[in-house]
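Below is one structure, written out as structure tokens; comments come after it.
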Amino acid sequence: MSGTATILYFAALRERIGRGSETVPLTADVSTVGDLLAERRRQDETLEDVFAQPGRVRVAVNRVLGDLSTPVHAGDEVAFFPPMTGG
Amino acid sequence: MSGTATILYFAALRERIGRGSETVPLTADVSTVGDLLAERRRQDETLEDVFAQPGRVRVAVNRVLGDLSTPVHAGDEVAFFPPMTGG
Amino acid sequence: MTGAAHTAGRIQVRVQSDPFDVGHETARLLGLEDGTGGISSFMGIVRGGNGLVALELEHYPGMCEDALTVLAEEAFSRFALIGCTVIHRVGRLLVGEPIVLVLAAAAHRAAALDATHFLIDRLKTGAPFWKAEEFTDGQRLWVESRSEDEAAAAGW
Amino acid sequence: MTGAAHTAGRIQVRVQSDPFDVGHETARLLGLEDGTGGISSFMGIVRGGNGLVALELEHYPGMCEDALTVLAEEAFSRFALIGCTVIHRVGRLLVGEPIVLVLAAAAHRAAALDATHFLIDRLKTGAPFWKAEEFTDGQRLWVESRSEDEAAAAGW
């Protein structure tokens, strides 16, 4: 497997991480959101710190809500954010 | 007892009776809405016909909903009308 | 403080033949105070169908305003409203024309929404208005009160 | 007929920083068809108190519009609506400014009122918006999602 995925961070997550998006290579080990997040936490200390903090995180893949088991493919847009507070 | 009361009719009742209001003397026999209506039906053939027809009638005395037992005094405004259909 | 003083400017009740302006009425409630979190509204409209051309709305002047004011005051205290408005039109109204407008402003959305529902349900059978329907064939019929409206009003 | 064709012009979803116009949006729904008997609405407002100055509304462009459209389509078919509109503002909004507007047009009042309640409840936790609060003392805090909002959304 090859190619990249785009990762987006919103709201408090974005502020704590210090960026709103990044493009990352998809390695052969990554087939789900859970795989991708684990790999990024190993690679990036800031991500490790932020995701280690208590607090619920939501994920969307290609703008549809998912969870850690949702598959990730090259070209996907994976977004992490806190519970939504619209209205 | 002496004096008069004003009687109002609305909507279908007003149209069937052919007038919207009348001022009537209050005789000593009349102390409630029921007394007043009975007396008016005896006195006026049109009223007798209209009130003999099936159909629910509501009454208000001085603009407050009442019923046949509500007291009537000189100077009162007594209104008869069908169930209300606003909105 | 009397009820009237307490609610001065916060409860508006009008019976009129002229059209009303939803934007204007919403803006008025919005301006009442900073504590408002939501404004809910319902607008009733002359619904077409079965050859209906228009409704003729008759009312009992004086008693109508009194009944709507009592109703608005009940909603105001029951749902802890910040403001509420009830406007009902009378006279001949064509299909597609607005008949009635109810608005409720509250700190939280549930109170505003519930108050609006309460007001329109109770207004249907609790204020002295009567509707006659005019049809394309010239027929004219008084609307009978619907048992489901009486049930909805009694449900509160 | 596809869902999109069926609802063309009947469902409107917008995410914008500009203010919206309740009167204009109501008039648009009113013009859809003769069969409309009622239009219900809810407007959410930045509620003052505890030194709040403004809200900063962040959103996920694209996903936001998608989520609101799915929600509006669900309300449309579930409540047999004639039309519905959802407008959500983003950016910095001062106390007293409107944030969100939901409108539902239906043949009968209960459907319009229920659809409005459904839309605003589900929108609170079902579309990717996030609010940060700005206070007079300069503090800035992200709003936590409230368990009662999640319960209200799940209740439908």
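Chain A is the first sequence line, chain B the second, and so forth, proteins listed ahead of strands; every chain is numbered from 1.
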Heavy-atom pair with the smallest gap, counting every atom of [X] and [Y]:
X: D/Pro128; Y: D/Met63; value: CG-CG, 3.7 Å
X: C/Leu29; Y: C/Cys84; value: CD2-N, 4.0 Å
X: C/His59; Y: C/Cys64; value: CB-SG, 3.8 Å
X: D/Leu32; Y: D/Gly83; value: CD1-CA, 3.8 Å
X: D/Val86; Y: D/Ala72; value: CG2-CB, 4.5 Å
X: D/Leu81; Y: D/Ala111; value: CD2-O, 4.1 Å

pair D/Glu56-D/Glu133: side-chain heavy atoms closer than 4.5 Å: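 They are not in side-chain contact.
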Non-hydrogen side-chain atoms of D/Leu57 and D/Arg89 separated by less than 4.5 Å: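 Of all side-chain heavy-atom pairs linking D/Arg89 with D/Leu57, none is under 4.5 Å.
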Just to be sure I understand the criterion: a residue of [range] counts if one of its heavy atoms is under 4.5 Å from a heavy atom of chain C. Which ones qualify?
range: residues 34-53 of chain D; value: D/Asp34, D/Gly35, D/Thr36, D/Gly37, D/Gly38, D/Ile39, D/Ser40, D/Ser41, D/Phe42, D/Met43, D/Gly44, D/Ile45, D/Val46, D/Arg47, D/Gly48
range: residues 112-119 of chain D; value: D/Ala112, D/Leu113, D/Asp114, D/Thr116, D/His117
range: residues 136-156 of chain D; value: D/Arg146, D/Asp149, D/Ala152

Step-by-step side-chain contact (heavy atoms from CB on, under 4.5 Å) determination, D/Ile87 to D/Gln16: CA-CA 8 Å; D/Ile87 305 174; D/Gln16 63 187 44; 3.7 Å; yes
Gap between atom [atom2] of [Y] and atom [atom1] of [X] - 0.5 Å precision:
X: D/Phe129; Y: D/Tyr60; atom1: CZ; atom2: OH; value: 13.5 Å
X: C/Glu74; Y: C/Thr69; atom1: CD; atom2: OG1; value: 13.0 Å
X: C/Ile120; Y: C/Leu71; atom1: CD1; atom2: CG; value: 9.5 Å

SB check [X] [Y] (cutoff 4.0 Å):
X: D/Glu73; Y: D/Arg78; answer: no
X: D/Arg109; Y: C/Asp121; answer: yes
X: C/Glu58; Y: C/Lys131; answer: no

Toward chain D: residues of residues 96-103 of chain C with heavy atoms under 4.5 Å: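 Under the 4.5 Å heavy-atom cut-off, C/Gly96, C/Pro98 qualify.
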Name of the residue among D/His88, D/Glu65, D/Glu25 meeting side-chain hydrogen bond (donor to acceptor under 3.5 Å, both in side chains) with D/Arg14: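 Among D/His88, D/Glu65, D/Glu25, the one that satisfies the side-chain hydrogen bond (donor to acceptor under 3.5 Å, both in side chains) with D/Arg14 is D/Glu25.
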